[in-house]
Participant: 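The following block contains the structure, expressed as structure tokens.
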Protein chains: 4
Amino acid sequence: MTGRPRSAAARAAILRAALAELGERGYAALTVEGIAARAGAGKQTIYRWWPSKADVVLDALLETAAERIAVPDEGSLRADLDAFLAATFSQSGQHGVLTGLMAQSVLDPAFAQAFRERFLASRRAALRGLLERARARGEVDAGADLDLLVDVVYGTLWYRMLVGHAPLDAEAGRRLAALVTDAARPGRPG
Amino acid sequence: MTGRPRSAAARAAILRAALAELGERGYAALTVEGIAARAGAGKQTIYRWWPSKADVVLDALLETAAERIAVPDEGSLRADLDAFLAATFSQSGQHGVLTGLMAQSVLDPAFAQAFRERFLASRRAALRGLLERARARGEVDAGADLDLLVDVVYGTLWYRMLVGHAPLDAEAGRRLAALVTDAARPGRPG
Amino acid sequence: MTGRPRSAAARAAILRAALAELGERGYAALTVEGIAARAGAGKQTIYRWWPSKADVVLDALLETAAERIAVPDEGSLRADLDAFLAATFSQSGQHGVLTGLMAQSVLDPAFAQAFRERFLASRRAALRGLLERARARGEVDAGADLDLLVDVVYGTLWYRMLVGHAPLDAEAGRRLAALVTDAARPGRPG
Amino acid sequence: MTGRPRSAAARAAILRAALAELGERGYAALTVEGIAARAGAGKQTIYRWWPSKADVVLDALLETAAERIAVPDEGSLRADLDAFLAATFSQSGQHGVLTGLMAQSVLDPAFAQAFRERFLASRRAALRGLLERARARGEVDAGADLDLLVDVVYGTLWYRMLVGHAPLDAEAGRRLAALVTDAARPGRPG
DNA sequence: TCGTAAGCGAGACGGTACGTCAGGTCTTAAT
DNA sequence: ATTAAGACCTGACGTACCGTCTCGCTTACGA
């Protein structure tokens, strides 16, 4: 009736192997066979629990401690945005993984939903919370479209990550923070 | 010594087949074999002239008349941006193709360069030209980071195209145009 | 310390399921998983008691009442052989099972021994007993190689079952009985 | 229109590899992957030309020079049969291959037809030709069922090969030859 | 004008990975 | 201790495409 319970060891080994393969070979070269072989797991065990290799990577990513979202509270919108973007930009080692997941999300609608709901949404919520706090302090126009502001910030980040035509460094973060702070200020035209 | 020249018919048939497959099956299901079969061409003919299937799609896309970039000149930045975004958003039928190419560009660095230089660059240049005209008219701060503004506009567009969490309609275009116009206005803090 | 005794119900369900699968799908498609699923038994229960799926089938076969060996005693060798072959041929519904077991016995030496000792041997002994009785009556040459005669009879049967190039009907039985009766007669050259 | 022609080298390498794997591991352990790997061929190349691994083995077997059928002509039925059986028994190294093919032929009807028509039929025809010659010489009863005689000979051989309960040596060949010669003699009862 | 060099459709080739199936082993809770 | 359930590792299956390679056949140049 009950059956053998799922092996936590196998799950951990698979997630660990996925990250290792990602690091060594990159997202494009990732294969289910490779992950299974490195994890000492059967392919079936992967297919039993994850619909695609991208879901494995997503789970692995979400379990990484470094993935915790920093929500700064510096007292002013500008300082908060600076800190938020600096924290986000500092994880540049994961750009390859993130863009790989975004690519997969384009190619596989089922994964797109998981990616949106389990990864992107929490980051959007964090940034939105930051903006809402600023609005409560009167730093953001009461009628501002906060979702659009979130999209402007993350859109610019993702666009540069994906296209790679411009740097994602501290200076870029400061300029983007300044632009957004200004665009959100009270009294702007609607 | 010269040999038989390249067949324009084969080239056209291949591009046509690529677009047809794209339309019927979507980017993820695209295969070189499928394109060749539908075009009545040999696979070798494709590999002889294009390094990857994404390059075929890119060529096909660039040859589409609808792909011509509209660079409006309405007399004011706000009106120009409105028109520019409206024109861009109206091509929503191609979102699947565009996001597919972006995905491919993540997975294949060689294609990424082609995509950046042959597709994205000209669109960025068009938008930048629009902003430069506005700056010459005094509608944009002299010290504004025009490249950042371009990234903000295209970043937001691509982000919404890729994630699909928010609409890309006329209203969204107007709000984005308003935000950018305001952020670029002279006298804003740096 | 003795633990739960073997479940007769499980054993019966497994044998029943094996026969049912055999009938519906044929020997080649038989799987331990399929038998277990249909029997509502665990795979382990099968592996605990039978070394291979063929052994399950062998047990199932040996338990079938129809499998009882008819050893006729009609008073003459010819009549006995006729009856024996007629009885054997009449079980033509089991040809698929029998040839399946013979195939398995080729592919698995461990099963081959079980098949030989638990199934084939008793049938050979029955036929040999029939011939010995005939020899005691003087219908068979004292120096005849009874084992060879048994092989000739069963060899011809199995060959036709396996190859399927010629019928195994009443007429074929009579001809074979006549041939063997004649070949075994006293006074034949050695 | 034509396409690249089939590679004779690949075909030969595959047949050679199949025989080598057979010799080293036996029929039961034969895999398409193993054959492909040893032949340095792609699996698809095997699947393109042969419906199953057994068909590969059959082709390999038919190409072996040692497989030529010896049809002796010694002047008398008894001597012919002795020679025929001796020649057949001498190829005992191939028993494993032959029984493997017979097993496959039980499990796969499509292969059964190929095995019957391309392998068994020619051997049956050779033996039948030998018996027909004897009948023309008056050594075989005019009304004898030659097909039954062929089945008796091959049936006995196959039965001993498959079951392995009795030797297939020169002495066994002589006894079988004697039995068949006697059973076929003119004037026997019908 | 005619050879020849390259392009062309076709399709076989060696590979890699896919997602599935079944094998035989193991680990639970329940009996 | 045995059972049903079912997860586990293993290994082979047959398929899909990859990118390369030969074929026989055009086609247009240039000697």
Participant: Run the side chain to side chain donor-acceptor pair (under 3.5 Å) test against A:W158 and tell me which residues pass, sequence neighbours left out.
Facilitator: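 Partners of A:W158 under the side chain to side chain donor-acceptor pair (under 3.5 Å) test: none.
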Participant: Does E:dA5 have OP1 or OP2 sitting under 4.0 Å from an N or O in the side chain of B:T2?
Facilitator: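 Checking B:T2 against E:dA5: no side-chain N or O falls below 4.0 Å of OP1 or OP2.
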Participant: Is C:R48 close enough to F:dT2 that one of its side-chain N or O atoms is under 4.0 Å from OP1 or OP2 there?
Facilitator: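 No.
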Participant: Pick base, sugar-phosphate or nothing for A:A41, based on heavy-atom distances below 4.0 Å to the nucleic acid.
Facilitator: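 The answer is sugar-phosphate, as A:A41 gets under 4.0 Å only of primed atoms, P, OP1 or OP2.
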Participant: Does this structure show an ion pair linking A:K53 with A:E21, if we count only N-O contacts that are shorter than 4.0 Å?
Facilitator: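 So A:K53 does not pair with A:E21 through a salt bridge.
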Participant: Can you give me the closest heavy-atom contact between A:A13 and A:A39, atom names plus distance?
Facilitator: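 Closest pair (atom of A:A13, atom of A:A39, distance): O-CB, 3.5 Å.
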Participant: Give the rounded distance in Å between these two atoms: CZ of A:R6 and P of F:dC9.
Facilitator: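 For the pair A:R6 CZ and F:dC9 P, the rounded distance is 11 Å.
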Participant: I'd like to know whether B:Y27 forms a side-chain contact (heavy atoms from CB on, under 4.5 Å) with B:L22, so could you lay out the CA-CA distance, the side-chain angles of the two residues, the decisive distance to 0.1 Å, and finally the verdict.
Facilitator: CA-CA 5 Å; B:Y27 188 87; B:L22 260 177; 3.8 Å; yes
Participant: I'd like to check the ring-ring contact (aromatic ring centres under 6.0 Å, His included) partners of A:F111; sequence neighbours left out, ordered by chain and number.
Facilitator: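 Checked A:F111 against ring-ring contact (aromatic ring centres under 6.0 Å, His included); matches are A:F115.
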Participant: Show the numbers, then the answer: is there a salt bridge (charged side-chain N to carboxylate O under 4.0 Å, His left out) between C:R11 and C:E63?
Facilitator: CA-CA 12 Å; C:R11 185 186 131 90; C:E63 225 150 86; 2.3 Å; yes
Participant: To the nearest Å, how far apart are B:I46 CD1 and F:dC18 C1'?
Facilitator: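 One finds 12 Å between C1' of F:dC18 and CD1 of B:I46, rounded.
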Participant: Considering heavy-atom distances to DNA chain F, does C:A39 or A:T45 have its closest nucleotide positioned more toward the 5' end?
Facilitator: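 Going by which nucleotide is closer to the 5' end, it is C:A39.
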Participant: Starting at the 5' end of nucleotides 22-27 of chain E, put B wherever the base has a protein heavy atom under 4.0 Å, S where only the sugar-phosphate does, and a dash everywhere else.
Facilitator: SBBBBB
Participant: In chain order, what residues pass the side chain to side chain donor-acceptor pair (under 3.5 Å) check against A:S52, with sequence neighbours excluded?
Facilitator: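 Scan of A:S52 (side chain to side chain donor-acceptor pair (under 3.5 Å), adjacent residues dropped) gives A:D55.
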Participant: Can you tell me how far P of F:dT10 sits from CD1 of A:I35, to the nearest Å?
Facilitator: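 Value for this atom pair: 16 Å.
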Participant: Tell me every residue that passes side chain to side chain donor-acceptor pair (under 3.5 Å) with D:R116, counting only those two or more places apart in sequence or in another chain.
Facilitator: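 D:R116 satisfies side chain to side chain donor-acceptor pair (under 3.5 Å) with no residue once adjacent residues are dropped.
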Participant: Rounding to a whole Å, what distance do you find between C:W50:CH2 and F:dT3:C1'?
Facilitator: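 Between C1' of F:dT3 and CH2 of C:W50: 13 Å.
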Participant: Taking all non-hydrogen atoms of both residues, which atom of A:L107 and which atom of B:A28 are closest, and how far apart?
Facilitator: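 It is O-CB, 3.5 Å.
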Participant: If you assign each of D:A36 and B:W49 to its closest nucleotide in DNA chain E, which residue comes earlier from the 5' end?
Facilitator: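 Upstream on the strand: B:W49.
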Participant: In residues 12-27 of chain A, which ones come under 4.0 Å of DNA chain F, going by heavy atoms?
Facilitator: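 Close to the strand, none.
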